[in-house]
Amino acid sequence: MSGPETTPMEEQPIEGRPVDTGAATVPAPPRGWHPVNIGHLVMGVAFVGLFTVWALISSDTVELVDAHWLLPLPWLVAGVVGLVATVLRNAGRRNGKMSGWI
């Protein structure tokens, strides 16, 4: 019996290729973009927006009576960011092919 089969370097993804540091061979660190959790992105944008609204009202830059138009803005911006992130994520997966419901 032979040992475990290894694949040639040309067939391994760049992330899986070992890095020669001279002393020891260590796996390469991951590179590139990582998938974004859209729920975390939306809630983070909403949190920053609500904090901004709170800061504006607390510093008396905007009066609470006049803030009725300002309070829904963080939710609207977070929703738009979520929709854009979803469209961009799905556009990269499609590769120009139209398919039915998955």
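We count residues from 1, following the sequence as given.
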Quick check: closest heavy atoms across [X] and [Y], and the distance to 0.1 Å?
X	Y	result
Arg89	Ile38	NH1-CD1, 4.1 Å
Ala46	Pro74	O-CB, 4.0 Å
Gly82	Val42	CA-CG2, 3.4 Å

Common cluster, [X]/[Y], ILVMFWY with side-chain heavy-atom separation under 4.5 Å:
X	Y	result
Val77	Phe47	no
Leu64	Val62	yes
Val80	Leu83	no
Leu56	Trp69	yes

Relative to each other, are the rings of Phe51 and Trp54 parallel, tilted or perpendicular (30° and 60° limits)?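 If you compare the ring of Phe51 with that of Trp54, the planes turn out tilted.
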How many angstroms lie between atom CG of Leu70 and atom CD of Glu63, to the nearest 0.5 angstrom?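 Those atoms lie 12.5 Å apart.
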Spatial distance of atom CG (Leu71) from atom CD1 (Ile57) [nearest 0.5 Å]: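 Going from CG on Leu71 over to CD1 on Ile57, the span is 5.0 Å.
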Test side chain to side chain contact (heavy atoms under 4.5 Å, CB included) applied to Val84 and Val81, Val87, Leu88, the passing residue: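 Answer after filtering Val81, Val87, Leu88: Leu88.
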